[in-house]
There are 4 protein chains.
Amino acid sequence: MTEESLWYPNVRIDPSRPLYEQFCEQMRADIARGALQLGARLPSVRDLAAWLRVNPNTVMRTYQELERGKLLVTHRGQGTFVTDDARIVEESKRDIARQAVAELRARAASIGLTTEQLWLLGQGEG
Amino acid sequence: MTEESLWYPNVRIDPSRPLYEQFCEQMRADIARGALQLGARLPSVRDLAAWLRVNPNTVMRTYQELERGKLLVTHRGQGTFVTDDARIVEESKRDIARQAVAELRARAASIGLTTEQLWLLGQGEG
Amino acid sequence: MTEESLWYPNVRIDPSRPLYEQFCEQMRADIARGALQLGARLPSVRDLAAWLRVNPNTVMRTYQELERGKLLVTHRGQGTFVTDDARIVEESKRDIARQAVAELRARAASIGLTTEQLWLLGQGEG
Amino acid sequence: MTEESLWYPNVRIDPSRPLYEQFCEQMRADIARGALQLGARLPSVRDLAAWLRVNPNTVMRTYQELERGKLLVTHRGQGTFVTDDARIVEESKRDIARQAVAELRARAASIGLTTEQLWLLGQGEG
DNA sequence: GTGGTCTAGACCACA
DNA sequence: GTGGTCTAGACCACG
């Protein structure tokens, strides 16, 4: 329980959104960024829950969600690990980027701007 | 309601998110884009509810939400109108843009990329 | 329709409160202040409604409300007039003052302050 | 709800004003006064509704209203709490005071008195 | 258990 | 006719 403190105190929790969702997002980003390395062992559900001071169910759900996306794998009796398949991590990273770009474009279109116009406007520029 | 709704049939409803929230988003965009003009009268709560096939309370909540943001005003007994203050609309538009840009930047940072790198990656480019 | 313009353009209408209520308040104050003098003739309901660009019912209700408080009197066929009884006006003025003071005291008590403390705090002083 | 409500039996309900509005006012004052302490957990929506003998939606609306003003925060699955940020409470208190003072001044001006004159008159003094 | 959303429908004040 | 409030009760996601 020392290494996983990576991302706890840095996270700003938004009480209006599901906790597990925010944890997923954070962990996905940590893996994409390489802060959680390929094959790294994660703390147990109970330990992480205690550390984060949240309900173990919340952590469980986070792990399960990421397992569904193949980013995490659980070896029974050994614990939960980051995947050791670099392609999966790369694909996840690309997905995050794709979604972010798509989102920006959709927003621009919705208010009748090109992405360039939105970009300028969003920086405090008209 | 006599005129056909600007935006209903075009909207894809995401059943996993609150209806009123999606309606708000849509209306904010419509106002920012100018599809709903300054001072325009909106359909009555009941009419729009019937048109959207939702409960009047859901529409009312949408209107009230936007009223709090000053984008709409309601005149007692007359109905609900788009604000006639262009500055408010401009500010709202800018807020949308700012938020979109901030979001993109945050995502880029979270996965350890510059915004340019994320942009390229998100378009299917490495 | 020239003299009654006394109080129209100066009034900031709050669309979230009943119009007739705001008109009553304004007229009561105008009478208390002497801007509407004892015995003064008021515009007809229709004229004032046209001038204010509101529904005649709204003006009617305003007049009726003030008649109930004896501040206005209607002489059939002649129109509506401010009372010519100075005592009534004085009493109305005092009522306004009493209510304002009572309100301030109640507010102070509700947040656990003396009226003096509230007064200082409310001016931007701690 | 296990503890008795701080404020219910003391409140005089004015049937001519929205319930949720009166509840908000009361709670704002209770928080400003310190009767509801920083970080205190509020009764659940259902419990308070049962206690007040109103519909849960009415209580929820009250909580949400105060949440928008940052005085309350709700932690998912845990309940609703008074903010633990003393500055927000202080600011709220100051707002109440400011509004009360501004109101008194406006009233005085509207009837052509100084605030001192209004104060004297309002206490039953000429 | 918690809050949150939505529906259905009644009732009211205002214009 | 308009919006606004309130009730009753169902259903859901979250922790």
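Just so it is clear, the model here is predicted, and its values are computed rather than measured. Below, read A as the first sequence line, B as the second, and so on, with proteins coming before strands; counting in each chain starts at 1. Below, each value reflects all heavy atoms present in this structure, side chains not excepted, and no hydrogens, waters or symmetry copies.
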How about B/V54 and B/Y20: do any of their side-chain heavy atoms sit closer than 4.5 Å? no
By salt bridge (charged side-chain N to carboxylate O under 4.0 Å, His left out), C/R68 pairs with (sequence neighbours left out) C/E65
Which part of the nucleic acid, if any, lies within reach of D/R46 when heavy atoms closer than 4.0 Å are counted: base, sugar-phosphate only, or nothing? base
List in chain and number order the residues that pass salt bridge (charged side-chain N to carboxylate O under 4.0 Å, His left out) with D/D84, two or more places apart in sequence or in another chain; answer none if no residue qualifies. none
What residues form a side-chain contact (heavy atoms from CB on, under 4.5 Å) with B/T83, not counting sequence neighbours? B/D85, B/I88, B/V89
With nearest nucleotides of DNA chain E determined for C/R17 and D/V45 from heavy-atom distances, which residue corresponds to the more 5′ nucleotide? D/V45
Could you check whether B/N55 gets within reach of a base, just the sugar-phosphate, or nothing at all, counting any heavy atom under 4.0 Å? base
Who passes ring-ring contact (aromatic ring centres under 6.0 Å, His included) against B/F81, sequence neighbours left out? B/H75
Can you tell me which stems involve DNA chain F, if a stem is defined as three or more consecutive Watson-Crick or G-U wobble pairs, both distances under 3.5 Å? E:1-14 with F:1-14
Residue mapping more 5' on DNA chain E - nearest nucleotide basis, B/V54 or C/E21: B/V54
Where is the tightest heavy-atom contact between C/T62 and C/T58, given as atom of each residue plus distance? OG1-O, 2.9 Å
Min and max contacting nt of DNA chain E in 5' to 3' order, chain D heavy atoms within under 4.0 angstrom, are E/dG1 to E/dC6
Taking only side-chain nitrogens and oxygens of A/R61, does any of them come within less than 4.0 Å of OP1 or OP2 of F/dC14? yes
What pairs with B/T74 under side-chain contact (heavy atoms from CB on, under 4.5 Å), at least two apart in sequence or on another chain? B/E67, B/T80
Excluding sequence neighbours, so at least two apart, what forms salt bridge (charged side-chain N to carboxylate O under 4.0 Å, His left out) with B/R17? B/E21, B/E25
Partners passing salt bridge (charged side-chain N to carboxylate O under 4.0 Å, His left out) against B/R98 (at least two apart in sequence or in another chain): B/E91, B/D95
Touch class at under 4.0 angstrom, heavy-atom based, for C/N57 against every strand present: nothing
If you assign each of A/T58 and B/E67 to its closest nucleotide in DNA chain F, which residue comes earlier from the 5' end? B/E67
How many Å lie between CD on A/Q22 and P on F/dC14, as a whole number? 12 Å
